[in-house]
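In what follows, a structure is listed as structure tokens, so that the remarks can point back to it.
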Amino acid sequence: MIRTQLSAKPMQATYNPKLIEAEVQQRWTQTRQFQASELAGQEKYYCLSMLPYPSGALHIGHVRNYSIGDVISRYQRMQGKNVLQPMGWDAFGLPAENAAIKHGVPPAKWTRENIAQMRAQLQQLGFALDWSREFATCDPDYYRWEQLMFTRLMKQGLVYNKLAEVNWDPVDQTVLANEQVVEGRGWRSGALVERREIPQWFLKITAYADELLDGLDDLPDWPDAVKIMQRNWIGRSHGAEIRFQVADSDTMLEVYSTRPDTLYGATYMAVAAQHPLAVQAAADNADIAAFIEQCQRSGTAQADLDRAEKLGIDSGFKAVHPLTGKPIPIWIANFVLMSYGTGAVMSVPAHDERDHAFASKYGLPIVPVIQPPAELELPADVAYTGSGTLINSAEFDGLSSDQAKLAMVQRLAEQGLGQASTQYRLRDWGVSRQRYWGCPIPVIYCQHCGAVPVPEDQLPVLLPEDVAFSGVTSPLKSDPAWRQTQCPQCGKPAERETDTFDTFMESSWYYARYCCPGAQDMVDERADYWLPVNQYIGGIEHAIMHLLYFRFYHKLLRDFGMVHSDEPATRLLCQGMVVAETYFRKQPDGSTVWFGPTEVEVSSNSAGDRVAVLLADGAPVQIGATEKMSKSRNNGVNPQDLVERYGADTVRLFVLFAAPPDQSLEWSDSGVEGAWRFLRRIWSGIHQHLQVGAPAALEHSALTPAQRDLRRKLHDTIAKVSDDIERRYTFNTAIAALMELSNQLQRFDDASPQGLAVAREAWSALVQMLHPVTPHLCTHLWPQLGGHGDIEHAGWPQVDEQARVRDAITVVVQVNGKVRGKLELAPGLDQAATLAAAQADQNVQRHLQGVSIRKIIHVPDKLLNLVVG
RNA sequence: GCCGGGGUGGCGGAACUGGUAGACGCGCUGGAUUCAAAAUCCAGUUUUGGAAACAAAGUGAGGGUUCGAUUCCCUCCCCCGGCACCA
């Protein structure tokens with residue numbers, strides 16, 4: 001018999017995770033257990049968890065994400081697959097700049113120290129990661145390829161520059177992220193934020209809108225919620241472009257509408273404050289000028305704009321209705337955005353809620369043109385937004401909405417005033433950020449040649465790392481030596497682009513780079529072995545933006561011939577967030593300081609309200625919303641304390657057991673004790689089992705009923721756990737099933753040779769099934785139970801269907817839908833036999849007295865419902 | 001505001017395809033063990049009535065479909081995520 005290093009030692013009576021976890025992890029490192037290579041003869045399985053932002057310390061949300069990935073990876077490995085599970089760092093981004101401001105540490109140094117700390121924490125948790133492929137997105141050897149890609153996209157015409165709005169802090173003279181705008185004010189200065197237009201780079205994701213939308217149909221193993229959200233985000237709609245002439249002028253006002261059938265109901269137009277007509281109107285009208293200025297005074301966040309009061313002012317201009325020829329007023333409105341479509345809309349207050357509210361407020365006419373179906377009863381003074389029959393629409397009266405849409409578009413086309421059009425809600429991807437800690441955008445501005453991509457042989461454009469960072473101006477912008485260069489085309493002095501990329505750029509292609517560490521191009525042929533990703537796992541908060549950019553980038557890589565599939569990941573699991581309460585104090589300067597859950601104590605006051613005090617000074621802090629754990633809210637729970645107290649296996653087991661992965665989890669560590677007790681019971685149960693003696697060979701025909709019961713439980717459990725892990729992703733119910741098996745196994749007290757054989761089969765399978773969840777413990781126990789070799793390569797327990805056959809099943813008897821009895825019956829009984837058994841039951845008899853059975857519903861082997869009266 | 005998800009015992013959750021509501025775990029109560037405590041083990045634990053058998057109510061609120069609804073439909077309330085510069 002081959003004895004492994006671990007089995008040579010006698011088993012200790014008590015479970016000591018510290019000892020065995022360190023020992024097992026050391027062995028994994030020595031044998032490079034999880035280093036993956038491209039093995040042609042073996043089926044590959046690429047399991048990828050979203051890469052973390054190195055915020056400084058792992059929080060429970062990370063543990064949840066990576067524990068899920070690790071269970072799937074280890075399960076697939078036990079199924080015989082060649083598994084790749086890599087890890088890296090999404091290392092650029094705002095928090096490093098914030099830390100630099102707060103603590104005076106250069107972002108690069110802060111980031112790299114955080115990475116070292118978090119890597120150590122991940123290793124302590126025992127995830128089966130291939131560390132040989134690790135990288136940080138701030139490594140020049142990573143971002144150089146992203147710069148190369150961008151210059152290639154420029155040459156392909158998939159990149160362009162245009163003016164776009166940003167949040168401008170007029171006091172700090174800096175651009176703010178939406179997150180840095182709090183109630184309309186700059187988070188540090190407290191100044192009212194303004195919208196300001198600056199030139200920015202865009203990627204033409206809209207060129208792929210149709211493919212991104214239609215491709216969702218080819219992703220059966222992505223959650224519906226994600227696909228629906230992406231569909232709505234892309235927002236393909238079919239409608240018409242309609243041109244309204246501005247009265248007494250040659251100017252045409254072009255609008256897009258999905259409801260050309262309501263054209264006769266258009267009683268006014270609305271244009272954005274930045275629209276040329278608005279600017280023109282403001283030139284000789286102080287009120288309009290003041291209104292336009294007022295419109296500038298808000299941030300750019302869409303949610304805030306939607307919630308803001310809808311305001312407008314008459315521009316004084318009139319538009320000519322394209323079909324009636326009548327003049328209608330043109331208003332300037334704060335809810336129309338220049339960056340959307342044409343910056344102008346036609347308003348049909350009778351059939352659009354927002355237009356209705358606006359028209360009511362400003363006394364604009366409301367003309368109904370769609371008659372709702374007769375059976376619909378509608379409250380008065382409300383917009384009817386459905387379809388119906390046309391009225392008040394001249395010769396179009398009587399047509400249905402659908403017919404009218406076609407007819408109106410045809411008429412407009414004949415008159416040269418419009419045509420059918422398909423539009424998308426999706427906007428091109430703005431990738432410019434006015435920040436220091438990001439990937440430099442590889443563009444040189446030349447007075448003669450314009451914006452020129454940095455030639456490939458001059459890449460990467462390195463980000464200087466040893467800088468002093470004040471937080472107001474980017475070191476790139478303030479360093480003339482870095483900025484100044486020569487134009488690659490004409491050789492004359494020129495300036496570098498000082499903006500950096502949106503960090504979504506880095507996280508859009510990292511999955512491909514993991515496949516080919518050290519490749520001398522963006523990716524190489526090894527990507528063809530590993531891609532697409534078999535299982536992608538990450539937070540539901542990434543359902544739209546990251547996952548859309550990720551899909552988009554894959555299509556770009558495909559069109560450059562670098563990958564050969566249409567979608568980056570075939571299966572997706574979105575875990576719910578781990579959320580926790582937040583605690584804060586407002587500073588006199590208007591800023592907010594956030595405190596972590598370990599820094600405060602929460603209790604109830606005499607009025608029964610929850611109050612919190614800061615432990616450090618005993619003074620109260622405010623209790624904020626319950627939100628996802630984040631650096632900015634400081635509400636992350638560090639798993640380190642739990643790992644030190646209970647070991648990694650207990651922590652992994654508990655986060656998986658606490659809730660199904662797709663549900664959000666409000667953090668509380670009560671219950672960790674239960675996970676810990678369970679592992680201790682497994683340990684002591686096996687210890688006792690080994691003490692009793694050696695098991696005989698299993699003889700199926702010689703088993704007692706109790707022995708058969710245990711085997712049935714075991715094989716039911718194998719079937720359930722396999723299904724829960726592989727198909728349902730409900731690790732919580734898989735663990736519950738293993739607990740049930742363990743409970744029955746501990747009660748099974750049978751020292752006979754066959755009893756020990758059945759117990760040994762069950763303990764061994766239990767340890768195998770638990771291995772993906774608590775790998776250290778199971779790796780250690782496997783050889784004790786006589787398992788050969790690595791548990792990773794021992795396969796997955798097989799279901800013995802014979803063992804699952806039952807000779808009796810519970811059938812529920814209902815009378816009028818209420819449970820009145822439970823019968824233990826042989827399987828496969830027909831309705832008559834089941835009814836006979838039910839009528840023999842005393843309690844059922846009681847409920848059948850004095851009534852007659854009117855109807856019988858029989859679900860074989862499950863239920864008998866007697867409808868009586 | 002718009003899009004997506006959720007709401008079940010004291011708590012986390014289970015019930016997978018319309019068929020036993022509350023698996024599993026935490027907590028709590030009682031008991032065993034102990035000089036004592038911790039740990040461990042055993043029993044109980046949705047609410048109400050009852051010694052029990054059993055009965056009634058019960059899955060955010062209200063309504064509907066059905067022999068039967070946590071599950072399907074409608075209206076509403078609350079919570080969470082996203083909304084294009086947090087990642």
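Keep in mind that what you see is a predicted model, and the values were worked out from it rather than measured. Only this structure's heavy atoms are used, side chains among them; waters, hydrogens and symmetry mates stay out. Lettering of chains follows the sequences in order, A, B, ..., and the numbering in each one begins at 1.
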If you compare every side-chain N and O of Arg677(A) against the phosphate oxygens of C26(B) (OP1, OP2), does one of them come in below 4.0 Å?
yes

Which nucleotide sits closest to the side chain of Val812(A): C85(B), C24(B), U20(B)?
U20(B)

Kindly point out which of A56(B), G4(B), C85(B) is positioned nearest to the side chain of Ile228(A)?
G4(B)

Using distance alone, with no hydrogens and no angle criterion, decide if Thr206(A) and Arg427(A) have a side-chain donor and acceptor under 3.5 Å apart.
no

Tell me whether the side-chain N or O atoms of Glu666(A) pair up with the base of C80(B) as donor and acceptor below 3.5 Å, since no angle test is needed here.
no

Which listed nucleotide (C16(B), G1(B), C26(B)) is nearest to the side chain of Lys720(A)?
C16(B)

Out of C3(B), C80(B), C85(B), whichever nucleotide has its closest atom nearest the side chain of Asn232(A):
C3(B)

Say you pick atom C1' in G31(B) and the same atom in U71(B); how far apart are they, in whole Å?
41 Å

If you check every side-chain atom of Gln814(A), which of G19(B), C24(B), C67(B) has the closest atom?
G19(B)

Taking the C1' atom in each of C26(B) and C16(B), what is the distance between them to the nearest angstrom?
25 Å

Under 4.0 Å, counting only non-hydrogen atoms across every strand here, what does Val672(A) touch: a base, just sugar-phosphate, or nothing?
nothing

From C-beta outward on Lys855(A), which listed nucleotide comes closest to its side chain: A87(B), G19(B), C67(B)?
C67(B)

Are OP1 or OP2 of A55(B) and a side-chain N or O of Arg820(A) less than 4.0 angstrom apart?
yes

Using a heavy-atom cut-off of under 4.0 Å over every strand shown, decide if Gln663(A) touches base, sugar-phosphate, or nothing.
sugar-phosphate

Do the side-chain N or O atoms of Thr503(A) get closer than 4.0 angstrom to the phosphate oxygens (OP1, OP2) of A87(B)?
yes

From the options A87(B), C24(B), G13(B), select the nucleotide whose nearest atom is closest to the side chain of Ala659(A).
G13(B)

Spacing of the C1' atoms in G60(B) and A53(B) (rounded, Å):
35 Å

Verify the contact: side-chain N or O of Asn743(A) to OP1 or OP2 of G25(B), cut-off strictly under 4.0 Å; return yes or no.
yes

Would you say A84(B) has OP1 or OP2 under 4.0 Å from some side-chain N or O of Asn178(A)?
yes

It should be established whether Arg307(A) places a side-chain nitrogen or oxygen under 4.0 Å from OP1 or OP2 of nucleotide C83(B).
no

Aromatic ring centroids of Phe335(A) and Phe358(A) under 6.0 Å?
yes

Which of these nucleotides, A84(B), C24(B), A55(B), is closest to any side-chain atom of Ala736(A)?
C24(B)

Residues Trp509(A) and Tyr142(A): side-chain donor-acceptor under 3.5 angstrom
yes

Measure from the side chain of Arg727(A), starting at C-beta and using heavy atoms only, and say which of C16(B), C86(B), U40(B) lies closest.
C16(B)

Which ranges of RNA chain B pair up as stems, where a stem means three or more consecutive Watson-Crick or G-U pairs with both distances under 3.5 Å?
B:1-7 with B:77-83, B:10-12 with B:24-26, B:27-32 with B:40-45, B:46-49 with B:54-57, B:60-64 with B:72-76

